[in-house]
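Both counts, for ligands and for their atoms, begin at 1 and track the order of listing. All values derive from a computational prediction rather than experimental measurement. Along the sequence shown, the residues carry numbers beginning at 1.
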Amino acid sequence: MSVYDEVQALLSEVRSFETQSEEELEQFRRKFLGSKNIIKPLFSEMKNIPPEKRREFGMLLNTLKREAEQKYNALRAALISQQQQRREHLDWSLPPLPMGGGSMHPITIVLQEVIDIFKSIGFEVAEDREIEDDWHNFTAMNTPEDHPARDMQDTFYTVHNPHWLLRTHTSSVQARVMERQKPPIRIIAPGRVYRNETISARSHCQFHQVEGLYIAENVSMADLKQTLWYFARRMYGPDVQIRFRPSYFPFTEPSAEMDVYWGLETEADYRITKGTGWLEILGCGMVDPAVLDNCGIDPDRYTGFAFGMGIERQAMLKYKIDDIRLFFENDLRFLRQFSPVIH
Ligand code: DAH
């Protein structure tokens, strides 16, 4: 093949070259336009061309060079605009990976069940602060300083002011509500409480309670029992057995604790109910007249009942969880086992 034919062949290669691949285009560039391109040495062939044909050969080489440049620039531009278009079609607001849905914390599930039951019979949800003052947590609840009952609840006090503390029970919300609301009062107060206790599988320095308070004229112990029995049937099924045991709390008189019969089928049932089959779920009683008086409600006119239940123990039984610490560690392997959040 003569040099002339060789150049002609290269020219038709350039003319017919098409690509959408960056890599192929780069190969093309190196071959025709790079520092060691194939055209350059052809210029030095000029001296071997008969003089009358040199002009034509020179023009042909220049055409080859020019067309290779044009072809490269055109394909490069097409490639760039194609990439841009592709980028414009992407929705940059989409999350980078499929996002795992969250799940409801078991404490939230149980809290919500309790709240729903009481809401359905006319109780309103009252929430209040976790950093509380001594008066609302203790004194108003008929537990003045030096009262031995203060020892029942080991307390975290704030460092800068010993009158401030982390509430030890949601009973403090009773005082907050009575201060701002006149009877009839019918509230539940769900929330977190804190006690200075050694952390173990059975107890923690933080946990959850739901407080209940009903104050009106002529509220009696029968109302208390009927309300809690209704709650127990909704929460634990229509055949649930409950029992009330006399107890003591400074803020109620008389006071009681309510147990639910859980059964003694498994080893865990045995351990958690201490071999009795009965599970203590709440404290309750008739609001002590001194509490009403402390909170500005006339104890000669109004009576009321109150109760306070722990949530962790109920959740532990419901989901067969044998270590209370799991609730607070936020281990995803634990949390993912509960029902997904429904939007
Ligand atoms: N505050 C009590 C506790 O944390 C629970 C309690 C008992 C609340 C009796 C009440 C009640 O309202 O009447 O152990």
Side-chain angles (χ1 to χ4, degrees), residues 111 114-115 118 123-130 132 134-144 147-156 165-178 185-197 202-216 219-229 231-232 242-260 279-292 294-295 297 299 302-314 324:
L111 262 177
V114 174
I115 291 169
F118 283 104
F123 283 76
E124 273 169 40
V125 173
E127 282 177 311
D128 222 294
R129 65 214 71 188
E130 292 180 12
E132 195 39 285
D134 195 277
W135 195 82
H136 290 89
N137 193 81
F138 287 124
T139 311
M141 290 292 108
N142 203 27
T143 319
H147 192 292
R150 284 206 181 196
D151 297 341
M152 285 162 70
Q153 302 178 355
D154 279 329
T155 309
F156 286 120
L165 47 84
L166 294 180
R167 68 180 179 193
T168 58
H169 52 186
T170 44
S171 303
S172 58
V173 184
Q174 287 192 27
R176 292 276 171 197
V177 171
M178 285 191 262
I185 291 172
R186 193 158 47 195
I187 57 108
I188 49 169
R192 194 174 281 202
V193 301
Y194 303 85
R195 288 187 202 170
N196 192 355
E197 275 178 35
R202 293 180 60 86
S203 67
H204 209 285
C205 61
Q206 52 181 331
F207 52 98
H208 296 77
Q209 291 186 328
V210 174
E211 191 79 12
L213 178 68
Y214 176 36
I215 296 173
V219 177
S220 72
M221 192 87 183
D223 298 318
L224 167 64
K225 285 179 101 171
Q226 193 64 27
T227 304
L228 292 178
W229 187 37
F231 163 75
I242 55 168
R243 71 179 184 191
F244 288 85
R245 284 177 293 105
S247 185
Y248 170 79
F249 298 102
F251 26 89
T252 42
E253 182 58 38
S255 302
E257 279 167 283
M258 187 177 99
D259 300 341
V260 167
L279 179 74
E280 180 211 317
I281 61 162
L282 58 83
C284 60
M286 300 305 293
V287 179
D288 194 302
V291 172
L292 297 177
N294 288 339
C295 300
I297 288 177
Y302 297 105
T303 51
F305 69 69
F307 58 86
M309 69 178 76
I311 296 301
E312 272 73 4
R313 197 155 353 140
Q314 296 184 65
I324 194 172

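The shell of residues lying under 4.0 angstrom from ligand 1, judged by heavy atoms, excludes E257. Within the 4.0 Å heavy-atom cutoff, R195 counts among the residues contacting ligand 1. Heavy-atom separations between M141 and ligand 1 are all 4.0 Å or longer.
Below 3.5 Å of separation, one finds no N or O of T168 facing any N or O of ligand 1. Between F251 and ligand 1, a contact under 3.5 Å exists for no N or O pair.
Applying the 4.0 Å criterion to heavy atoms of A306 picks out, from ligand 1, the atoms 12 (O), 13 (O). For ligand 1, the atoms lying closer than 4.0 Å to a non-hydrogen atom of F249 are 7 (C), 9 (C). Close contacts of ligand 1 with T252, meaning ligand atoms under 4.0 Å from a residue heavy atom, involve 13 (O). Each of the following atoms of ligand 1 lies closer than 4.0 Å to a heavy atom of Q209: 3 (C), 4 (O). Within ligand 1, the atoms closer than 4.0 Å to a non-hydrogen atom of G308 are 6 (C), 8 (C), 10 (C), 12 (O), numbered from 1 in the order shown. Every atom of ligand 1 with a heavy atom of S171 under 4.0 Å away is listed here by number and element: 1 (N), 8 (C). Using a 4.0 Å cut-off to heavy atoms of Q174, the atoms of ligand 1 that qualify are 12 (O). Ligand 1 places these atoms under 4.0 Å from at least one heavy atom of G285: 13 (O).
Contact annotation: the side chain of K225 never approaches that of F305 to less than 4.5 Å [non-hydrogen atoms, C-beta and beyond]. Two residues are said to be in side-chain contact when any heavy atoms from C-beta on lie closer than 4.5 Å; E211 and V173 fail this criterion.
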Next on the checklist: Is there a ring pair (Phe, Tyr, Trp, His ring centres under 6.0 Å) between F251 and H169? Walk through the geometry before answering.
Outcome noted: CA-CA 12 Å; F251 26 89; H169 52 186; 5.5 Å; yes

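Side chains of N137 and T168: a donor-acceptor N/O pair is present below 3.5 angstrom, by distance only.
The shortest non-hydrogen separation linking V287 to L213 is CG2-CD1, 3.7 Å.
Annotation: F118 is in aromatic contact with F307 [ring centroid separation under 6.0 Å].
The number of heavy atoms from other shown groups lying within 6.0 Å of CH2 (W135) is above 12.
Here P190 pairs with L111, I115, V125, E127, V210 under the side chain to side chain contact (heavy atoms under 4.5 Å, CB included) rule; sequence neighbours left out. Among residues two or more places apart in sequence or in another chain, the side chain to side chain contact (heavy atoms under 4.5 Å, CB included) test is passed with R243 by R245, D259, W278.
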